[in-house]
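Here's the structure, in structure tokens; my notes come after.
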Amino acid sequence: MAKRMIKKGARQAPLSADRLRAGWPGPSGTRIRLAQAEDTDKVDALLTTAGVRIIPVLRSAIEAGTAGSVLLAGLRGTKNTFLTDAARTFARLDMAESMSTISLTLVAADGQGQPVGALSVTAPGTIIERAMDQAGYEPLRALTLGLVIAKVHGLAVAETARRQGLASALLKRAWQVYAQLDYLLLYGSYETERELSAFYARHGFTVLAPGEGFLLDRIGLPFGVNAGDDQCVFTRWRSRN
């Protein structure tokens with residue numbers, strides 16, 4: 001039987017909310033899927049090895065089954081329904097809870113269903129706060145920045161499961177979700193001693209020099225994201241077709 005050929009640069013099939021929950025086969029017999037309530041202890045332990053923890057309100061949302069609900073609704077609908085659903089949700093919830101609905105927590109689960117890798121992508125809390133404090137945004141307007149910008153909060157793989165491509169698989173799927181929802185920017189940072197520049201560069205990110213930040217003027221914000229001298233920031237802007 002002839003192999004099915006896929007043209008270089010062809011668009012991937014759209015994701016669905018159900019597929020994100022069920023997941024995809026990952027490297028070494030794992031499954032890349034949305035984090036579930038029973039995963040939170042393991043995810044928190046994994047992220048701790050990367051120097052972060054699950055944000056408490058996000059952990060509660062994962063356990064309640066409401067984490068990422070606006071993102072999931074967006075995958076089920078259109079750009080317009082995504083924005084409408086987000087506006088209604090943000091008006092109903094407080095700011096921290098609203099940010100949990102646009103946060104994405106993925107795991108790489110082993111054959112027994114146990115997470116051996118975890119990726120936490122959150123709303124850009126610092127940018128949202130600065131938009132209110134420095135640009136005079138009202139809270140609801142500031143929250144809408146979380147519909148075009150997301151932050152890699154933490155990415156970690158268990159020591160016994162490293163060098164198998166799990167981190168790459170998690171990051172790839174996260175980018176696919178946010179790109180489908182027309183996000184403009186995915187960014188994050190890491191401590192320079194971790195030497196992750198080559199990893200993020202391979203996945204389409206621009207890795208800045210230690211201590212170097214970047215401006216947000218291309219999306220009309222009069223400030224940028226700063227970095228400490230011991231941090232490297234990485235950014236990936238969605239190309240405009």
(message) Pair Asp39, Ile62 - check side chain to side chain contact (heavy atoms under 4.5 Å, CB included), show working.
(response) CA-CA 9 Å; Asp39 298 326; Ile62 294 171; 6.0 Å; no

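- Expressed to the nearest 0.5 Å, how far CZ of Arg33 lies from CG of Leu170 amounts to 11.0 Å.
- Under the 6.0 Å distance and 45° angle rule, Arg173 counts as a cation-pi partner of Trp24.
- Summarising the geometry of Lys151 relative to Gly188, their closest heavy-atom pair is CG-CA, 4.5 Å, with the distance given to 0.1 Å.
- Atom CZ of Arg194 is separated from atom CD of Gln231 by 11.5 Å, given to the nearest 0.5 angstrom.
- Closest heavy-atom contact between Ala67 and Leu72: O-CD1, 4.4 Å.
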Name each donor-acceptor pair under 3.5 Å that joins a side chain in residues 74-83 to protein atoms two or more places apart or in another chain, with its distance.
unit_1, atom_1, unit_2, atom_2, d
Thr78, OG1, Asn80, N, 3.4
Thr78, OG1, Thr81, N, 3.2
Thr78, OG1, Thr81, OG1, 3.4
Lys79, NZ, Leu181, O, 3.2
Thr81, OG1, Thr78, N, 2.7
Thr81, OG1, Thr78, O, 2.9

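- By the criterion of side-chain heavy atoms lying less than 4.5 angstrom apart, applied directly or through intervening Ile, Leu, Val, Met, Phe, Trp or Tyr residues, Ile219 is grouped together with Tyr137 in one hydrophobic cluster.
- The heavy-atom pair separating Pro139 from Met132 by the smallest distance is CA-SD, 3.7 Å.
- To the nearest 0.5 angstrom, Thr101 atom OG1 is 8.5 Å from Arg92 atom CZ.
- Taken from CZ in Phe90 to CE in Met99, the straight-line distance is 9.5 Å, to the nearest 0.5 Å.
- Applying the ring-ring contact (aromatic ring centres under 6.0 Å, His included) test to pairs two or more places apart or on separate chains, those with a residue in residues 142-189 are Tyr178-Tyr183, Tyr187-Phe214.
- In this structure, Leu106 is a member of the same hydrophobic cluster as Leu196, with clusters built from ILVMFWY side-chain heavy atoms closer than 4.5 Å.
- Using a 4.0 Å cut-off between charged side-chain N and carboxylate O, Arg88 and Asp85 make no salt bridge.
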* To do: Show the numbers, then the answer: is there a side chain to side chain contact (heavy atoms under 4.5 Å, CB included) between Tyr190 and Asp230?
  => CA-CA 8 Å; Tyr190 61 86; Asp230 61 345; over 6 Å; no

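- Taking CZ of Arg238 as the start and CG of Asp182 as the end, the distance is 4.5 Å to the nearest 0.5 Å.
- When every heavy atom of Glu212 is checked against every heavy atom of Ala227, the shortest pair comes out as O-CB, 3.8 Å.
- Proximity of a side-chain donor or acceptor of Asp94 to a complementary backbone N or O of Glu97 within less than 3.5 Å is detected.
- In this structure Glu63 satisfies the salt bridge (Lys or Arg N to Asp or Glu O under 4.0 Å) test together with Arg59, sequence neighbours excluded.
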Discussion item. Show, in sequence, the C-alpha distance, side-chain angles and deciding distance for Val233 and Thr206, and conclude whether the side chain to side chain contact (heavy atoms under 4.5 Å, CB included) test is met.
Written reply: CA-CA 8 Å; Val233 170; Thr206 298; over 6 Å; no

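- Across all their heavy atoms, Leu145 and Ala131 have their closest contact at CD1-CB, 3.6 Å.
- Looking at every heavy atom in both residues, Pro27 comes nearest to Gly165 through CG-O, 3.6 Å.
- With Arg21 contributing its side chain and Gln36 its backbone, the two residues share no donor-acceptor pair below 3.5 Å.
- Surrounding CG of Asp217 are more than 12 heavy atoms belonging to other residues, nucleotides or ligands, all under 6.0 Å away.
- In terms of hydrophobic clustering, with Ile, Leu, Val, Met, Phe, Trp and Tyr side chains grouped at heavy-atom distances under 4.5 Å, Leu104 and Leu186 are assigned to a common cluster.
- At a threshold of 4.5 Å between side-chain heavy atoms, the hydrophobic network of Ile, Leu, Val, Met, Phe, Trp and Tyr places Leu34 and Val157 in two separate groups.
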Acceptor/donor pairs from residues 107-127 side chains to any protein atom, 3.5 angstrom cut, sequence neighbours excluded:
unit_1, atom_1, unit_2, atom_2, d
Asp110, OD1, Gln112, N, 2.9
Asp110, OD1, Gly113, N, 3.1
Asp110, OD1, Gln114, N, 2.9

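- Hydrophobic clustering of Ile, Leu, Val, Met, Phe, Trp and Tyr side chains at less than 4.5 Å, counting indirect connections, keeps Leu93 apart from Leu71.
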Which pairs would a plain distance check flag for residues 42-58, meaning a side-chain donor or acceptor within less than 3.5 Å of a matching protein atom at least two apart in sequence or in another chain?
unit_1, atom_1, unit_2, atom_2, d
Asp44, OD1, Arg53, NE, 3.1
Asp44, OD1, Ile54, N, 2.9
Asp44, OD2, Arg53, NE, 2.9
Asp44, OD2, Arg53, NH2, 2.6
Thr48, OG1, Asp44, O, 2.8
Thr48, OG1, Arg53, NE, 3.4
Thr49, OG1, Leu46, O, 2.5

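- Geometric assessment of Arg218 against the ring of Trp237 yields a positive cation-pi assignment under the 6.0 Å and 45° thresholds.
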Using the side chain to side chain contact (heavy atoms under 4.5 Å, CB included) rule, take Asp133 and Phe223 through it: C-alpha gap first, then chi angles, then the decisive distance, then the call. CA-CA 11 Å; Asp133 294 341; Phe223 57 83; over 6 Å; no

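- Leu171 has its side chain out of reach of Gln176: every pair of non-hydrogen atoms, C-beta onward, lies at least 4.5 Å apart.
- Residues that satisfy the ring-ring contact (aromatic ring centres under 6.0 Å, His included) test with Phe234, not counting sequence neighbours, are Tyr200, Phe205.
- Taken from CD1 in Ile149 to CD1 in Ile128, the straight-line distance is 8.0 Å, to the nearest 0.5 Å.
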